[in-house]
Amino acid sequence: MRLHCSISADAVNSLALALTPLLFGAAWKILDLFVELALNLSGAKPKRRNWAIDEKVTAAQGGLGLNSLLTDDVVLWRAVLSVYAATHQHRHCVVHRT
């Protein structure tokens, strides 16, 4: 018995397009957790019980947090923080808007 399946390029592109928001959201959440962990390890405290995204974005824009969490390269860590801060509105679009 044999089974042969062929997926067209259009089907693959359609699936990739459909999964893009999910993949972005998952990747952003991982980055969010890294930023939050870095802030916690640096001794920073949130204003409330948990970190708000806006607080983490402000901290990221200021370069706060431990850079040794992912890398010892300060420039690379600041680049990661810049990506985090620059994409938080995209995250809001994926999570809160249709």
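Position 1 is the first residue of the sequence, and the numbers go up from there.
Nearest heavy-atom pair, Lys47 versus Glu55, reported as atom, atom and distance to 0.1 Å: N-OE2, 2.8 Å. Minimum heavy-atom separation, Val94 to Pro21: CG1-O, 3.8 Å. Residues Trp77 and Phe34 come closest through the heavy atom pair CH2-O, 4.4 Å. Here the closest non-hydrogen pair linking Leu81 and Gly63 is CD1-CA, 3.7 Å.
Under a hydrophobic-cluster definition in which Ile, Leu, Val, Met, Phe, Trp and Tyr are linked whenever side-chain heavy atoms come within less than 4.5 Å, directly or via other members, Val35 and Val74 are assigned to different clusters. One hydrophobic cluster, built from ILVMFWY side chains closer than 4.5 Å, cannot hold both Leu39 and Leu76; they sit in different ones. There is no path of hydrophobic side-chain contacts, each under 4.5 Å, that joins Leu19 to Phe24.
Here the straight-line distance linking atom CG of Leu33 with atom NZ of Lys56 works out to 7.0 Å at 0.5 Å rounding. Note: Asn40 CG to Lys45 NZ = 7.0 Å, rounded to the nearest 0.5 Å. Distance OG/Ser82 to CZ/Arg78: 8.5 Å, rounded to 0.5 Å.
For the pair Ser8 (side chain) and Ala11 (backbone), a donor-acceptor distance under 3.5 Å is present. In this structure, Ser14 contributes its side chain and Asp10 its backbone to no donor-acceptor pair below 3.5 Å.
Looking at heavy atoms from C-beta onward, Asp32 lies out of side-chain contact with Trp51 at the 4.5 angstrom threshold. Looking at heavy atoms from C-beta onward, Ile53 lies in side-chain contact with Arg91 at the 4.5 angstrom threshold.
The aromatic rings of His96 and His92 lie tilted to each other, with the angle between the two planes from 30° to 60°. Using bins of under 30°, 30° to 60° and over 60° for the plane-to-plane angle, the ring pair Tyr84/Trp28 lands in the parallel bin.
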